[in-house]
Structures are given as C-alpha cells and as structure tokens.
Protein chains: 2
Amino acid sequence: MAISLVIFEDNHPLRQSLEVLLNDGVHFQVTGAFGECTLASDQVQLLKPDLVLMDINMPGLSGIEGLKNIKQTSPETKIIMYTVLEDDNVIFDCMCAGADGYLLKNTPPAKIIQALEEAVNGGAPMSPGVAAKVLAFFRNSLPGNNYNLTKREAEILQHLVNGLSYKMIADASFISVDTVKKHLKNIYAKLHVSCGTEAVAKAIREKIVNF
Amino acid sequence: MAISLVIFEDNHPLRQSLEVLLNDGVHFQVTGAFGECTLASDQVQLLKPDLVLMDINMPGLSGIEGLKNIKQTSPETKIIMYTVLEDDNVIFDCMCAGADGYLLKNTPPAKIIQALEEAVNGGAPMSPGVAAKVLAFFRNSLPGNNYNLTKREAEILQHLVNGLSYKMIADASFISVDTVKKHLKNIYAKLHVSCGTEAVAKAIREKIVNF
DNA sequence: TACAATTTCACCCTATCGGGTAATTGTGCA
DNA sequence: TGCACAATTACCCGATAGGGTGAAATTGTA
C-alpha cells in the first residue's frame, strides 16, 4: 500500500518537483501540498498522512512551529524536516520538538525516497552531516569532568545537587555540619562560585556529578 | 586512496567475512583484525587507521571500553560500533563515549560499505532503529515544561539557576528583595522543593529553564 | 619514618534564606 | 460590577548558609 504524504514547502517550483517525484502512485501518494504551515495541524488532522515533509524557513509560521503543532494533535504522524539549514540550534530544536528525521535539500532524489521509506518503518533518516551534529550533542556530555575535586568533595557536591541541606549532608555522610561547611567552602573555591545554587548549576552543566 | 581499517570482533568466522568483504584493496584496506580489544588503543595508535569497526560484546574488555581507550589516544580515528545489541543504555553509553556510528549486525554488506564511506566523510551512520532511539533521547528533553509557573516566576527561577542571589535577582528584575522572596516561596511550593539548590536541580533536570 | 594531602572538627560572626502574615495594585474573565 | 489571580511591597523571625581562622586525625606515599 502506498505511503500517504503531505508536503509543506513555500517554494513553488520545488514543491511541484517534490510532488512529481513522490506522487508516483506506487510507493507514495501525495495527498496535500501547502505553501505555508499556519493551519498545518488542522490539515494533517484531516488528511491523516503517514508522513509529512516539512520545510523550516517559510513565511508566516516557521516549520518548527508547524512541527510542534502537528505533533500535539497527531503525534503518530512521522515528520521529516527538509531544509537547507544545517545550524546546530535549529537541528537541536527540531529534535526536541519531535522530528522523525532531518534531510538537507541537497539530498539526491533516490536518497529522499529511501529516507522516507525508512522513516515509516521506524527509522530516523538524517543527512550525514546532521547525524554527526546530533551525536556531537552527546559527545560533549562527559569530557572535562573534574576541577581537582577530591573524592569526598565530589560526594558532598553530589548531595548538594540532590537537594540536601548542610545538616542533611552531614547526617548522610556521618560527619559534622562544620566539616560539610569546610568541604563546601573548598568546593566553591575550586568551582569559582560563591553559593550553593551556582555550584549546583555549574556541577550539572559541566557534568561534574551524576545526573 | 583506500580507507585503512581495523576490525575488533571476537567471532572468528564473522571477522574473516568482514575482512573478505572490506579488504578489497580499492575502497578499503584492512590493516588489522583482532579478536579482543584489551590492547586496542596501542594497536590503533600503531596502525593509525582511518576507521575502526568495533564489536561490543567481547570477552575481556568490552567494546565500549575499547572505544573510550582509543578515543583518548587517537581522537581523530573514526569508530563505528558494530553489534547485535540494540539496548538503549548501550547506545547511549556509546554515543557519550564518542562513537561515530552504530551499525547493527543485520546490516546488509552493501549498506555497511556505504556506511563506512559516510563515516570517513564526516557523517554518522546509524542503523534506522538506532537513529530513532538516539532521537528519542531528545524528544523527552522538553515536553512537560511548566509547573504552572507564571511568566514572572519563570524569570526569577531562571535568574536563580544562573547563580544570582536574592538581592542580585531583585536588582536585575527591578523589584524589592521581599518580592523576590515571595516569588521564590511560591516557586518552591509549585515545584515541591524546599530550598534553592533543590529548585535549581529540578529546574535543570526537567528543562523548566533555558540551559 | 617523614612529608604532603586529605579529611575531620570547632568556634565566631554576619548576611542571606525561607516561612508566616498582610496589604495594594492591575488585568482578565464571568 | 464583582471575582480571581498575578504581581508587587512590607515586616517579623528563626534557621541556614557561608566566610574567617585554626588545628587535629587520617590517609597515602616517597
């Protein structure tokens, strides 16, 4: 059975090219093609396509907003972002908003078809450079860990991040409150912060503690 | 010029199959193939391959440990994980440890060749299901945002996360310290926490604030 | 064994935090 | 018009946080 498809792309010639390419009646069937995504969620809810191909840079509502709106009303519909943009923040926003794939517009037609089929089969097609950027988000997740914190200091900091007060940390670590205070003073100095909330934020940001 | 390649795979027949497949002398040249990765970082440092194909489930040192060791001494070498495991935690660990791709062992030979070439060209080849799991990590990254925080409360909380004291928040927001105090009291109640550090940790954990 | 680093504890002191209570505005909604 | 709620300010008060200073006990290691 053919995969039903809706296209959002403001560029007329490109939109028509995509229709011609994808509306082969065998693998795919394009049931809608729009130049802007202001009403995207309604249109998708009505047409119930298996797949949506969504441009990002469009007049009016951005494709990312369209993505969010569609996912709210039709979370089961697969949405592939299709754009020239290879900006880290844009990619990140799309992924967080629930995109099921991210194809650059320089993708050759054969690859597009392959990617769309992959998407409906539970995959997450991404252009090579995009996939690399996605992995990069993880990589920066545990490189430069410590600020020369001792084992004990790391423990105390972990407790602080977990929301414990000085007194609670003291009880949990079987030491006096004064010792906790002393440790935290040293920790604050090592992290170059001046209070607990700042330390917690920095500890989490820089993956100094388990989170 | 051929892409030089080192293989870590404990299964003899599979390792030989991979060598036969990849050691075509044109696209690829297999310069090493080992049954375990205890000495992986030394071997890679010596052979300086463009690419490493790394099994995960091996006797002795795990492929993930091998990955970490190699990345420490030869960070520029691309490493593709090659395994039957499709476990979320394993995938997550590999990505954080710096893997440049993740292929399942059911990948057809033609796709493997395609993937390896993609990897050396700055891509990040992943089997469809794996890519989907990777994106899933992001999806759960900012869905349930608010605890019915008002706009002002969100601002105050953001400042707290940024490490500002009550007084500094007051100055930054052009309101009195008492108002800040009042807001934070309400915020703590809404977040079900009892102090600033706890609020910061929760706000970051649950993506309530920009980070 | 001697040295250094770490961990521990104590005391003092002030600013800040955080809860309680109460009151005044402005806005949107019924 | 009246109500609910957000946002604002104020005051009181006790507990906590965090800095300064000093020193003993523990650990690891040369």
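So that the names make sense, note that chain A is the first sequence line, chain B the second, and so on, each numbered from 1.
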TODO: Kindly say if His183(A) contacts the phosphate of dT8(C), meaning a side-chain N or O under 4.0 Å from OP1 or OP2.
DONE: yes
Open item on the list: Rounded to whole Å, please give me the gap between CD1 in Ile169(A) and P in dT16(D).
Closed with: 13 Å
TODO: Can you tell me the distance, in whole Å, between the CG atom of Asp178(A) and the P atom of dA23(D)?
DONE: 16 Å
TODO: In whole angstrom, give the distance that lies between atom NZ of Lys185(B) and atom P of dA6(D).
DONE: 15 Å
Open item on the list: If I take atom CD in residue Glu153(A) and atom P in nucleotide dA5(C), what distance separates them, rounded to the nearest angstrom?
Closed with: 14 Å
Open item on the list: Please report the distance, rounded to the nearest Å, between CZ in Phe174(A) and P in dA25(D).
Closed with: 23 Å
Open item on the list: If you compare every side-chain N and O of Thr150(B) against the phosphate oxygens of dC5(D) (OP1, OP2), does one of them come in below 4.0 Å?
Closed with: no
TODO: Choose from dA7(D), dG18(D), dG19(C) the nucleotide whose nearest atom is closest to any side-chain atom of Arg152(B).
DONE: dA7(D)
Task: Length of the CD1-P vector between Ile187(A) and dG19(D), whole Å - done: 12 Å
- [ ] Would you indicate which nucleotide in dT7(C), dC9(C), dT21(D) comes nearest to any side-chain atom of Ser176(A)?
- [x] dC9(C)
- [ ] Would you check if the side chain of Asp87(A) reaches a backbone N or O of Asn89(A) as a donor-acceptor pair within less than 3.5 Å?
- [x] yes
Open item on the list: Within the 4.0 Å heavy-atom criterion, would you say Lys167(B) contacts the bases, only the backbone, or no part of the nucleic acid?
Closed with: sugar-phosphate
Open item on the list: Between Lys202(B) and Val193(B) (side chain of the first, backbone of the second, donor and acceptor by atom type, cut-off under 3.5 Å), is there such a pair?
Closed with: no
TODO: Can you figure out which of dG22(D), dG18(D), dG18(C) approaches the side chain of Lys182(A) most closely?
DONE: dG22(D)
- [ ] Could you tell me whether the side chain of Lys181(A) has a donor or acceptor atom within less than 3.5 Å of a complementary atom in the base of dG18(D)?
- [x] yes
TODO: Answer yes or no: is there a side-chain heavy-atom contact under 4.5 Å between Arg15(B) and Phe8(B)?
DONE: no
TODO: Pick base, sugar-phosphate or nothing for Thr179(B), based on heavy-atom distances below 4.0 Å to the nucleic acid.
DONE: base
TODO: Measure the shortest side-chain to side-chain distance between Asp100(A) and Met126(A) over non-hydrogen atoms and say whether it is less than 4.5 angstrom.
DONE: no
TODO: Mind calculating the distance between CD1 (Ile156(A)) and P (dA17(D)) to the nearest angstrom?
DONE: 13 Å
Task: Length of the CG-P vector between Leu160(B) and dC17(C), whole Å - done: 9 Å
Which donor-acceptor pairs under 3.5 Å do side chains of residues 74-86 of chain A form with protein atoms, sequence neighbours excluded?
unit_1   : atom_1 : unit_2   : atom_2 : d
Thr83(A) : OG1    : Leu85(A) : N      : 2.9

Task: Closest to side chain of Ile175(A), choosing from dC17(C), dT21(C), dC9(C) - done: dC9(C)
